[in-house]
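Sequence lines set the chain letters: A, B, ... in the order given, protein chains first and strands last, and positions in each chain run from 1.
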Amino acid sequence: MASSQFQPIQGMSDIAAPDSFLWQMIEERARDIFTRYCFSEVRTPILEKTELFIHSLGDTTDVVTKEMYTLEDRGGRKLTLRPEGTASAIRYVAAGGDKTASARIYYMGPMFRCERPQAGRKRQFHQIGVEAIGAPNPLADAEVIALQLHLLAAWGLADAKIRLNTIGLPEDRAAVLNGLREAIRPRLHELPEEAQQRFETNVLRLLDSKDEAVQKIIGAAPPVTEFMCAETRAYLDTVVETLRNLDIDVEVDTSLVRGLDYYVHTVWEVVHGGLGAQNALAGGGRYCIQIGKNAVNGVGFAMGVERVIAALEAGGISAVQFAPPPPVFIVSLGEAALKENLLLLQMLRKHGVACEMELSARKVQAQMRRANKTGARQVIIRGDSELEKGIFVLKNMGDGTQSEVDLPELMKLLT
RNA sequence: GUGGGUGUAGCUCAGCUGGUUAGAGCGUCAGAUUGUGAUUCUGAAUGUCGCGGGUUCGAAUCCCGUCACUCACCCCA
């Protein structure tokens, strides 16, 4: 058992080989897909002014009120480790004025939320996200959703399901809350106490409650879209229609709710079976964020990398499948060969060959054992007699055969 | 923040209702084989039994606290 002094802090973890091979695959394929859709990367600071998140996410949201890592710097400024990526991206866009008014950007990196860890929920977790800036346009929403599904397919997660809804315009809000309350009120007494409180504080949250009693009553209530204006409904219809034309079949799920205040119109979630309670791989939506005097409109999504990995692993994918090809190993017999082999090692590397060698003149047996452990398919053995003849022994670890070759032939065989 | 489960060697775990020096498998290292790995055989090393306190003649085992891991609620990606 590792002593606690060597462990990372609660809810955070080291990501090392072989897992890091899988992380690299995920990031590489994401970059490839983003490039095809003409999105470019933005790397924003991980630490931001606390007020950025309060203003953009909403000062009453759970993320802001109880999940942020906030600290004061030496000047007494309040800073927060970013709990999500959109706020920083939008801050960047707002600073750029016209130049970034139609930016298409993506980001990837760590996010921080101080919650109780569980399956699919770390305190430091990683997101890959995109933001397509621009005035509301249902075609843009559809394009971003298509991009997201393309990316999921590239990762091998074509079986992920998308739940789509609209939370409408700010003007719809009052009608939705009222309509929902009126629909539920007659049966309010049937709800558990906690749900009754939420009826007052945040009715929308009842929509995605896991409580059976709540679900029964919600199921009988009219869908939220019925309380929304014609414009909102037309917007949603166009998104769905556009997706259908792109051969993407989505079901509208009117019980989908989002926890951040900046969303307007389209919102969605990507869920995957076999993930446990935290079954959302990704969340996304259209937003309007006020930064200073500017309102920035856009549509985007964020994918939880840890959850993507969990979904892949549930499907039998393992990180070792993405390990780099095995290296060539060099065995030296005697000090003279050790010195020469160091030169050979660097030369091979400069020619693009991944190779490794034992840096001491240990016994052959020990060196061969290590060569075997590194997974080397080929081993170069060189001692005094090879040095004298100017040749190399090249051993194939698969079948145990070996041959003597000169330098040009060695290079031909290895590169 | 609330609740459940779990902490014994590098890893996976065993250790019966408290009883002598805490075990196994895998892994690691070495030898058999002084210039050849993986296989085989032989041998070796490694533990503050998560940590702290209590009960007891005696605690890995029982009690309390604490920390960590884990799952769920909540929330979200």
Side-chain angles (χ1 to χ4, degrees), chain A residues 1-13 57 61-68 82-86 107-129 148 160 192 194-195 198 202 205 208-211 256-260 267-272 275-285 300-311 329 331-334 337 358 361-387 393-402:
Chain A
M1 179 57 64
S3 157
S4 64
Q5 68 173 310
F6 297 123
Q7 285 192 310
I9 62 180
Q10 186 174 38
M12 309 201 178
S13 35
L57 309 190
T61 55
D62 281 25
V63 169
V64 166
T65 55
K66 49 192 190 195
E67 296 172 3
M68 298 202 302
R82 63 180 184 194
E84 56 99 61
T86 301
Y107 58 85
M108 45 181 74
M111 310 291 164
F112 303 83
R113 288 184 203 176
C114 194
E115 302 174 87
R116 195 77 173 268
Q118 74 180 72
R121 189 166 83 185
K122 303 290 266 179
R123 287 182 169 182
Q124 176 176 335
F125 60 102
H126 298 76
Q127 287 189 342
I128 296 177
Q148 185 174 35
E194 207 183 319
R198 210 169 290 167
N202 192 354
R205 271 291 161 210
D208 66 351
S209 170
K210 288 176 185 170
D211 191 291
L256 181 67
V257 184
R258 298 275 78 189
L260 307 178
V267 290
W268 72 90
E269 196 172 84
V270 178
V271 293
H272 191 274
L275 276 195
Q278 309 294 325
N279 67 344
L281 281 184
F301 63 77
M303 325 259 263
V305 179
E306 283 83 354
R307 292 186 189 176
V308 165
I309 287 173
F329 197 93
V331 168
S332 314
L333 310 172
E358 174 66 45
R362 292 172 76 194
K363 293 168 60 173
V364 205
Q365 202 183 79
Q367 294 191 55
M368 288 300 296
R369 254 203 292 271
R370 197 179 140 197
N372 190 59
K373 242 174 276 166
T374 65
R377 310 290 301 150
Q378 285 167 305
V379 174
I380 298 168
I381 304 167
R382 199 152 64 137
D384 291 336
S385 70
E386 285 78 17
L387 280 181
V393 170
L394 185 62
K395 174 160 179 157
N396 181 322
M397 296 295 272
D399 56 19
T401 59
Q402 62 185 50

* When rounded to the nearest 0.5 angstrom, what distance separates CZ in A/R307 from NE2 in A/H272? ->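 Rounded to the nearest 0.5 Å, the CZ-NE2 separation comes out at 13.5 Å.
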* Look up atom CD in A/E115 and atom CZ in A/R123, then write down how far apart they are to the nearest 0.5 Å. =>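 Reported value, rounded in 0.5 Å steps: 8.5 Å.
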Considering only side-chain heavy atoms of [X], which listed nucleotide, [options], is closest?
| X | options | value |
| --- | --- | --- |
| A/N372 | B/A77, B/G37, B/G35 | B/G37 |
| A/A277 | B/U36, B/A77, B/C73 | B/C73 |
| A/Q278 | B/G37, B/G3, B/C75 | B/C75 |
| A/K122 | B/U36, B/C75, B/U70 | B/U70 |
| A/M397 | B/A77, B/U36, B/G37 | B/G37 |
| A/Q402 | B/C74, B/A77, B/U36 | B/U36 |

May I ask you to say what [X] touches in the nucleic acid, namely base, sugar-phosphate or nothing, with a heavy-atom cut-off under 4.0 Å?
| X | value |
| --- | --- |
| A/G276 | sugar-phosphate |
| A/G400 | base |
| A/G11 | sugar-phosphate |
| A/A371 | nothing |
| A/Q148 | nothing |
| A/T61 | nothing |
| A/L333 | base |
| A/L260 | sugar-phosphate |

Please report the shortest heavy-atom distance between [X] and [Y], naming the atom on each side.
| X | Y | result |
| --- | --- | --- |
| A/E306 | A/F125 | OE2-CA, 3.4 Å |
| A/R258 | A/G283 | NH1-CA, 3.5 Å |
| A/M68 | A/V63 | CG-O, 3.1 Å |

Is [N] paired to anything, Watson-Crick or G-U wobble with both distances less than 3.5 Å, and if yes, which nucleotide?
| N | value |
| --- | --- |
| B/G31 | B/C41 |
| B/C11 | B/G25 |
| B/U17 | none |
| B/U66 | B/G50 |
| B/C75 | none |

When you check the phosphate oxygens OP1 and OP2 of [N], does a side-chain N or O of [X] lie under 4.0 Å from one of them?
| X | N | value |
| --- | --- | --- |
| A/R362 | B/C29 | no |
| A/R369 | B/A30 | yes |
| A/Q10 | B/C67 | no |
| A/Q365 | B/G37 | yes |
| A/R258 | B/A77 | yes |
| A/K363 | B/G31 | yes |
| A/Q118 | B/C73 | yes |
| A/R198 | B/C75 | yes |
| A/K210 | B/C73 | yes |

* If you measure from the P atom in B/U39 to the same atom in B/U28, how many Å do you get, rounded? -> 9 Å
* Structure fact -> Comparing A/E84 with A/K66, nearest RNA chain B nucleotide closer to 5' gives the residue A/K66
* A/D399 or A/G283: which one's nearest nucleotide on RNA chain B is closer to the 5' end? -> A/D399
Starting from [atom2] on [N], measure out to [atom1] on [X] and report it in whole angstrom.
| X | N | atom1 | atom2 | answer |
| --- | --- | --- | --- | --- |
| A/E358 | B/C29 | CD | P | 11 Å |
| A/N279 | B/C74 | CG | P | 12 Å |
| A/D384 | B/U34 | CG | C1' | 14 Å |

* To do: Record whether the side chain of A/R116 comes under 3.5 Å of the base of B/C75 through a donor-acceptor pair of N or O atoms.
  =>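 Per atom types, no contact qualifies.
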* Side-chain donor or acceptor of A/R121 under 3.5 Å from a matching atom on the base of B/C74? ->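 By the distance-only test, yes, there is a pair.
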* Structure fact -> In A/V308, A/I309, A/V305, the residue satisfying side chain to side chain contact (heavy atoms under 4.5 Å, CB included) with A/H126 is A/V305
* Asked: Name the one of A/R377, A/M368, A/Q378 that satisfies side chain to side chain contact (heavy atoms under 4.5 Å, CB included) with A/M397?
  ->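 So the option named by the test is A/M368.
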